[in-house]
Amino acid sequence: MGIQDGGWRDRLKAGPGLFLPRLRDLGRGLTDLVLPPLAHDSLEPSGAPGLTADAWSRVVFLEAPVCDGCGAAFEADGGTFAADRCAACIAAPYAFARARAACVYDEASRGLILKFKHGDQQQFAGLFARWLSRAAADLLVDVDAVVPVPLHRLRLLGRRFNQAAEIARPLSRHARLDYLPDALVRARHTVSQGGRSARGRRLNVKSAFAVPEPGRRQIRGRRILLVDDVLTTGATAEACSRALLAAGARAVDLAVVARVRNARELPI
């Protein structure tokens, strides 16, 4: 009894900070009981914030083995002595060192991402951040800070928020990493990448990104995790990575919510 009594006295001396998290959890649980959370993709009540079972089952999540360089799935596990990169990444590595994607970019994931990106449904940000915390877990333990792919201020005015930043913020908080939203800027306004060839995408974003002087001080000598929503040809991530490396970053890794299914084609 004496030990137990002493333990309670110590907890009371610790102040309300010890009990507040438990009270918050209790209040959240009672609220969910009275007003069950809705699924992100419908008005259907769910046990916890997330997707309906149907939407979840249609998302193709990427599991190991994946290419260390671009995040594309390997068709089979080659075993202990297999190369950790696809042929294209061996022949022509990206400027970013490693890449991970949470899922395949297809009809199922595209609808969710477009709801978030253009439908102003920001409830998806936390969900996508959780997906990335799992898919990019091995990258998160090695990086020093998180940087979102930036939007030009004109695009930001029209969209009202940067989807990459909304994902990167909770991701960095969960991983207890520095979040650097202004370290990288889009210095030149570019047209949409949609419908362009790989070469057209590269030309469109060439010299479009820059690191201002305050950003240089933040990233110099550090390994950076670059965050975006979708990886297709990699042109945008490549341009961002080159700008960060030129400004003094030690290395750049990439984490995206979704990427196209097929691995990169070998350069011709």
Side-chain angles (χ1 to χ4, degrees), residues 59-110 113 117 128-129 131-143 146-150 163-164 167-168 171 184 193-206 208-209 223-246 249-268:
V59 176
V60 181
F61 290 99
L62 288 167
E63 305 287 349
V66 298
C67 172
D68 197 44
C70 67
F74 287 129
E75 293 185 0
D77 189 340
T80 305
F81 301 103
D84 61 358
R85 298 189 174 230
C86 67
C89 283
I90 293 174
Y94 279 120
F96 47 86
R98 300 175 295 175
R100 296 292 184 273
C103 64
V104 171
Y105 189 61
D106 57 11
E107 196 63 34
S109 63
R110 184 186 302 116
I113 291 171
K117 191 171 181 176
F128 291 155
W131 289 4
L132 282 187
S133 68
R134 178 177 179 272
D138 56 337
L139 305 188
L140 289 166
V141 297
D142 293 334
V143 300
V146 178
V147 172
V149 170
Q163 75 280 355
I167 299 167
L171 177 65
L184 181 68
Q193 293 278 66
R196 292 178 175 271
S197 65
R199 182 174 182 275
R201 285 171 178 257
R202 289 194 298 269
L203 292 175
N204 189 39
V205 295
K206 186 177 180 180
F209 301 95
R223 191 174 192 115
I224 302 299
L225 182 68
L226 182 69
V227 173
D228 203 2
D229 54 353
V230 177
L231 174 71
T232 49
T233 65
T236 297
E238 177 87 355
C240 289
S241 298
R242 290 190 183 281
L244 289 166
L245 291 168
R250 177 165 53 88
V252 178
D253 294 326
L254 174 69
V256 297
V257 177
R259 61 149 295 135
V260 295
R261 183 183 296 272
N262 298 328
R264 300 167 61 197
E265 293 182 358
L266 283 168
I268 298 175

Atom pair [atom1] ([X]) and [atom2] ([Y]), whose distance is rounded to the nearest 0.5 Å:
{"X": "Cys67", "Y": "Leu62", "atom1": "SG", "atom2": "CG", "result": "11.5 Å"}
{"X": "Ile90", "Y": "Asp84", "atom1": "CD1", "atom2": "CG", "result": "7.5 Å"}
{"X": "Ile224", "Y": "Phe96", "atom1": "CD1", "atom2": "CZ", "result": "15.5 Å"}

Leu140 vs Leu171, test: side-chain contact (heavy atoms from CB on, under 4.5 Å). Steps then yes/no. CA-CA 9 Å; Leu140 289 166; Leu171 177 65; 4.0 Å; yes
Kindly indicate whether the side chain of [X], heavy atoms from C-beta on, has any atom under 4.5 Å from the side chain of [Y].
{"X": "Thr232", "Y": "Val230", "value": "yes"}
{"X": "Asp138", "Y": "Arg100", "value": "yes"}
{"X": "Leu245", "Y": "Arg250", "value": "no"}
{"X": "Leu244", "Y": "Phe209", "value": "no"}

Taking side-chain contact (heavy atoms from CB on, under 4.5 Å) as the definition, give me every residue that meets it alongside [X], ordered by chain and number, with sequence neighbours left out.
{"X": "Arg242", "result": "Ala95, Glu238"}
{"X": "Glu107", "result": "Arg110"}
{"X": "Leu231", "result": "Leu254, Val256, Arg259"}

Which atoms form the tightest heavy-atom contact between [X] and [Y], and what is the distance?
{"X": "Leu226", "Y": "Cys240", "result": "CD2-CB, 3.6 Å"}
{"X": "Gly71", "Y": "Val66", "result": "O-CB, 3.8 Å"}
{"X": "Cys70", "Y": "Cys86", "result": "SG-SG, 3.9 Å"}
{"X": "Ala136", "Y": "Ala255", "result": "CB-CB, 4.1 Å"}
{"X": "Val59", "Y": "Cys103", "result": "CG1-CB, 3.7 Å"}

For Phe128, which residues count as a ring pair (Phe, Tyr, Trp, His ring centres under 6.0 Å) partner, sequence neighbours excluded? Phe116, Phe124, Trp131
Contacts of type side chain to side chain donor-acceptor pair (under 3.5 Å), residue Ser109, not counting sequence neighbours: Asp106
Taken in chain and number order and not counting sequence neighbours, the residues that satisfy salt bridge (Lys or Arg N to Asp or Glu O under 4.0 Å) with Asp253 are Arg98, Arg223
